[in-house]
Amino acid sequence: MQRDILIGGKTIRLEVNGDHVSVDGDDLAVDYQLISANELSLIVEGRAYRCLLDRTVTDEAIIVAGKRYPFAVEDPRALKSRKARGAGTEGPLQIKSSMPGRVLRVIVGEGEDVVPGQGLLVVEAMKMQNEMKTTRGGRVRRIAVREGDTVNAGQLLAIID
Amino acid sequence: MQRDILIGGKTIRLEVNGDHVSVDGDDLAVDYQLISANELSLIVEGRAYRCLLDRTVTDEAIIVAGKRYPFAVEDPRALKSRKARGAGTEGPLQIKSSMPGRVLRVIVGEGEDVVPGQGLLVVEAMKMQNEMKTTRGGRVRRIAVREGDTVNAGQLLAIID
Amino acid sequence: MRILRAARELGISTVAVYSDADRRALHVLHADEAYRLGPAPASESYLRGDLILNIAAQCGADAIHPGYGFLSENAAFAEACEQAGITFVGPTANAMRMLGSKTSARQLADAAGVPRVPGTTTAATSAKDALAAARKIGFPVMLKAAAGGGGKGMRAVEQESELASALTAAQSEAQRAFGSSDVYLEKLIVRPRHIEIQVLADQHGHVIYLGERECSVQRRHQKVIEEAPSAVVGDSLRRRMGETAVALARHAGYTNAGTAEFLVDAEENFYFLEMNTRLQVEHPVTELITGLDLVHLQLQIAAGEPLPFAQDDIHLRGHAIECRIYAEDPDNNFFPSPGLITGLSQPSGAGIREDSGIYDGWTVPLDYDPMLSKLVTYAPTRALAIERMRHALDDYFIGGIATNISLFQRILSDADFQAARIDTSYLDRLLSAEPPAQSVTETVTHSEQVAAIAAALFNASSGKPSEAGANAEAADTPWKQARRREGLR
Amino acid sequence: MRILRAARELGISTVAVYSDADRRALHVLHADEAYRLGPAPASESYLRGDLILNIAAQCGADAIHPGYGFLSENAAFAEACEQAGITFVGPTANAMRMLGSKTSARQLADAAGVPRVPGTTTAATSAKDALAAARKIGFPVMLKAAAGGGGKGMRAVEQESELASALTAAQSEAQRAFGSSDVYLEKLIVRPRHIEIQVLADQHGHVIYLGERECSVQRRHQKVIEEAPSAVVGDSLRRRMGETAVALARHAGYTNAGTAEFLVDAEENFYFLEMNTRLQVEHPVTELITGLDLVHLQLQIAAGEPLPFAQDDIHLRGHAIECRIYAEDPDNNFFPSPGLITGLSQPSGAGIREDSGIYDGWTVPLDYDPMLSKLVTYAPTRALAIERMRHALDDYFIGGIATNISLFQRILSDADFQAARIDTSYLDRLLSAEPPAQSVTETVTHSEQVAAIAAALFNASSGKPSEAGANAEAADTPWKQARRREGLR
């Protein structure tokens with residue numbers, strides 16, 4: 001079994017053969033047991049890990065020791081191959097809604113320049129107003145929603161160039 | 001939807017229509033939600049019940065308020081229609097092993113008369129010796145195992161007439 | 001669930017009411033009787049006191065426990081219960097009215113000689129009015145909704161120029177949240193701690209206090225972590241604050257459980273903030289250090305029983321910490337994240353208590369406060385209670401939705417928190433500080449290798465039916481290949 | 001898991017060892033390191049001290065905590081640890097040897113002036129020898145394995161004619177279970193309570209006791225329910241028993257946690273039975289009423305730290321009850337029922353502690369003691385702790401295998417248990433009494449109607465994929481039809 005895993009901005013090539021796994025060419029002794037559909041007991045060279053698979057509407061990640069590692073599988077045989085959150089700092093930035101809600105206010109217009117941390121629009125959900133900010137500076141290419149719109153989880157709100 | 005449920009030695013005819021159920025002809029208002037594959041939130045005429053489905057190697061039962069009700073479904077469309085434990089006190093009594101183990105000793109012979117509570121054979125499992133007793137008196141028709149035999153869960157050990 | 005369980009333990013039958021969004025909630029599953037109130041919005045269900053009283057009358061209920069939110073501090077509802085001959089588990093409508101509005105509570109505090117933060121005792125009606133009051137008190141000042149709680153309708157104002165717009169915002173927020181736009185002003189205490197005193201009063205004139213809770217770790221004036229006892233409250237301060245809270249409760253003719261909130265400054269001066277006339281979300285930390293059950297006591301008091309102990313019988317032992325686990329994403333501006341829970345693994349064991357209403361397969365509704373669970377740890381010392389919580393959080397897994405578990409991990413490993421150097425702006429400072437290095441390394445770290453191996457193995461197993469892992473062993477390659485190891489490594 | 005969690009909380013890295021049957025066990029999942037010991041049988045894995053020490057040496061372990069069973073009372077293993085320079089978390093091999101064998105423990109007790117049940121101090125070698133001893137003591141007598149515990153190798157003998165065969169049986173059971181056929185005799189006390197004292201001793205000569213545990217509810221000499229405190233132990237008896245246990249521990253040069261077991265008769269006479277030189281399964285009840293963490297203390301003592309408190313600092317508060325939940329079928333002669341857990345719903349909340357190592361999808365192995373979980377409740381009073389436990393048991397669901405939960409429900413609702421009228425034969429009497437009416441009625445009861453409705457609904461939904469209930473709402477008829485109700489009932 002062979003997989004390329006995109007994690008932390010790097011691609012790791014894995015090959016699992018019985019009780020050994022090759023990680024970018026390094027050979028490691030592994031032992032593993034699936035505890036449930038999203039919980040794995042993994043022993044690598046004697047070190048024990050509880051690995052959790054967390055699939056949300058926006059990404060797919062492994063949680064190990066309380067830390068979350070979004071990942072993507074790059075393999076023609078894999079069914080799912082999503083873009084890992086945070087991976088890829090190049091190209092336009094898509095601002096997406098992480099949950100359903102209502103667009104209360106649009107703060108910036110298309111074509112405006114924004115700085116990192118600047119608020120773009122306000123979405124209300126569960127009676128809380130949340131300002132959606134950009135993590136990068138740039139020019140607003142597109143505002144994909146209007147005030148009063150109801151948005152779904154994962155729906156595109158804006159694009160920053 | 002219609003089902004005949006054998007429970008507590010009685011057969012109950014049920015017909016579910018939307019938010020009403022007919023139980024042996026009595027009409028009751030019901031509301032229900034499946035919480036998980038084996039947990040049901042059931043409201044009957046305002047009374048709330050947490051109903052659990054327990055499938056073991058020997059029977060199938062509903063647990064309500066800490067009490068266990070073995071049942072069988074009598075319906076041509078149902079996939080499973082097992083004999084409820086305890087149901088049917090007529091006919092020969094089959095003594096089965098409820099778990100894997102090893103037959104340590106056979107106490108009674110075929111053709112012997114036994115009284116309720118009498119030990120028939122001793123099975124060892126998990127380092128514990130367990131005397132398998134008969135709940136009914138009668139004549140031992142058959143001892144289906146020999147000393148030293150390994151037995152599986154549900155395997156027939158003896159038949160009492 | 002907390003209240004339902006406590007009632008059952010006293011042999012009381014329970015009736016749950018639910019909105020359409022909560023039909024699958026655990027309190028409905030576990031109640032003796034359950035009735036639908038209405039559609040999901042609280043204004044059409046849980047805030048409809050008339051519907052609730054109708055149901056109570058129909059099913060012959062003796063008492064109503066209002067819980068923590070919704071109508072729990074609504075004097076009109078308490079009064080309606082009284083008129084309907086149904087016991088409201090809480091104070092009388094009269095006491096609630098006196099203490100429930102912050103404006104009247106402050107008047108009462110003054111009358112009872114309870115120290116409080118300088119401020120107005122009546123609502124500011126205009127910007128001009130507010131400005132005059134603010135100048136008299138001295139900036140910085142705080143705007144607060146008279147009817148509210150939980151941070152809604154609150155604004156800190158540093159200078160005169162900000163006052164008018166802040167007042168408008170606070171008033172409209174107060175109107176939306178509480179149906180009243182009354183807002184008052186008070187002096188802003190710099191770096192105060194938020195410490196509250198739990199009081200219990202029976203119908204026979206006995207009033208006692210059960211020590212304090214430290215609730216300084218807040219975000220947007222919402223409590224995030226609560227502890228008992230407070231690391232800065234010694235026996236003397238505890239007695240002074242406790243006796244003050246008891247005096248206030250006596251003055252108001254208060255009955256049942258209540259909480260007096262105070263700001264405490266670095267010199268151990270304490271200022272009364274408000275009285276919460278209900279059971280608090282954070283009551284478990286008090287239960288763990290006193291060994292008492294506050295819900296049992298609430299029900300016994302409501303039934304007219306006297307308190308079964310006196311002030312001298314109350315001894316605090318050990319340390320308890322509570323984390324309020326919310327469906328919100330700390331990496332995304334604390335945006336709420338309701339949705340389907342697709343995996344759940346909850347910690348348990350020595351010194352771990354969890355009050356939660358979630359389960360695998362439950363959909364966190366959009367409609368209410370997204371609190372999922374209260375995770376509470378107890379240990380003989382604060383340091384051990386913190387360590388216990390850190391590991392309990394590591395063990396906690398809620399799949400499918402974002403939660404604030406990582407926020408707690410960050411707080412609990414912070415040196416200032418561990419040294420109890422906290423005040424009400426502590427968390428804002430921590431959050432505005434550089435987030436902990438995300439360690440985006442050039443080379444692949446060992447942890448990333450492990451995560452990648454897990455990702456590959458999960459990926460290889462996906463698509464195969466595996467009901468709760470039951471069939472995992474039976475699934476074919478590569479799950480089976482590595483099951484047996486030859487000897488020791 | 002209990003020990004692993006406590007170690008993590010003290011910042012100690014953990015190494016788990018496992019047999020093939022336990023690869024999927026939770027202690028392996030949560031450890032920092034994990035190594036395979038060998039095949040499933042304990043004699044080839046968990047009882048192989050040599051393999052365990054090899055692993056400890058390879059991974060550089062500082063200490064070994066032996067848990068509750070297997071090698072925890074094996075002096076040879078403790079000695080091997082000492083020789084390998086690895087700390088054994090427990091008493092010295094020497095103290096263990098003195099107290100571990102019942103015969104030598106009795107000699108020690110006599111020397112320390114600890115009252116004990118009249119009996120032989122050396123093992124009975126022949127039937128003739130045993131008969132002479134029994135006649136001297138007076139019937140009824142008890143046969144006990146010198147090396148054992150947990151009821152193995154024990155026989156009560158009412159009259160002379162039964163003695164020879166009972167001795168043979170006890171000896172062969174002792175040989176199988178402990179590798180030694182030594183069996184001794186003692187007088188059988190009529191209707192005694194089994195009450196034990198928890199002691200703690202550091203390496204600096206401090207020895208204290210932490211109150212008692214009431215363990216009279218037993219089946220086949222195995223503890224079923226434990227409580228703390230005992231309803232019949234007052235301050236005076238507690239002090240007398242506690243000081244006796246401390247004297248014994250001092251006499252043996254004992255260190256770490258240990259338990260002195262006593263029989264107590266109706267006149268408050270107490271007789272020393274044996275000293276358990278390890279942490280007991282039932283330690284949580286002591287933790288809940290003292291507020292301490294015994295595993296933390298064990299590790300601190302093993303590290304050479306002094307006890308952080310004195311006898312006067314120990315105060316008991318409230319009441320705790322533990323139920324040992326086993327995979328065994330009370331309706332079928334308590335036959336073990338290992339197998340796949342196909343559904344799991346565990347109680348939680350105020351006053352509920354669970355120490356368990358099970359999960360949905362886990363297969364309870366055939367190979368070991370079938371204990372699934374320890375469910376413990378705490379409440380201010382015994383009556384409330386019982387009620388809390390009854391409801392926690394109602395909430396507990398372990399699907400797919402038989403458990404003894406129904407046994408606890410029967411005990412906890414029994415008037416004698418509720419009145420604390422218990423002794424070591426209490427449970428045998430309850431079980432031999434007419435079982436509660438199975439209410440096989442002619443007509444269909446209301447509960448049967450409800451169960452039948454549920455059965456029909458489950459049946460109608462089966463076959464449809466429903467991953468942990470997540471898709472239940474999406475499943476078609478009849479699940480959807482009844483979701484919305486028109487108005488109130």
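By convention in this document, chain letters (A, B, ...) are assigned in the order of the sequence lines, proteins followed by strands, and residues within each chain are numbered from 1.
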- Query: Side chain, backbone, both or neither: which part of I398(C) has an atom under 4.5 Å from a heavy atom of chain A?
  - Reply: backbone
- Task: Report the distance from atom OG1 of T56(A) to atom CG of L340(C), rounding to the nearest 0.5 Å.
- Result: 12.0 Å
- Among the listed options D26(A), I63(A), I62(A), the residue most often paired with chain C at heavy-atom distances under 4.5 Å: I62(A)
- Message: Rounded at 0.5 Å granularity, tell me how far CZ in R50(A) sits from CG in D394(C).
- Response: 9.0 Å
- Query: For the atom pair CD (E60(A)) and CG (N459(C)), what is the distance rounded to the nearest 0.5 Å?
  - Reply: 7.5 Å
- Item | Nearest-0.5 Å distance that lies between atom CD in Q449(C) and atom NZ in K10(A) | 10.5 Å
- Provide the closest heavy-atom pair for A452(C) versus I12(A) in the form atom of the first, atom of the second, distance. CB-CD1, 3.8 Å
- Heavy-atom distance under 4.5 Å to chain A: side chain of R390(C), backbone, both or neither? neither
- Item | R3(A) CZ to I453(C) CD1 distance, which is reported to the nearest 0.5 Å | 14.0 Å
- Could you have a look at D24(A), N38(A), I7(A) and say which one has the most heavy-atom pairs with chain C under 4.5 angstrom? N38(A)
- Item | ring pair (Phe, Tyr, Trp, His ring centres under 6.0 Å) against Y46(C), all qualifying residues, sequence neighbours excluded | F70(C), Y368(C)
- Message: Report which part of L42(A) has an atom under 4.5 Å of a heavy atom belonging to chain C: side chain, backbone, both, or neither.
- Response: side chain
- Message: Test side-chain contact (heavy atoms from CB on, under 4.5 Å) on V64(A) and S447(C); report intermediate values, then the result.
- Response: CA-CA 8 Å; V64(A) 186; S447(C) 298; over 6 Å; no
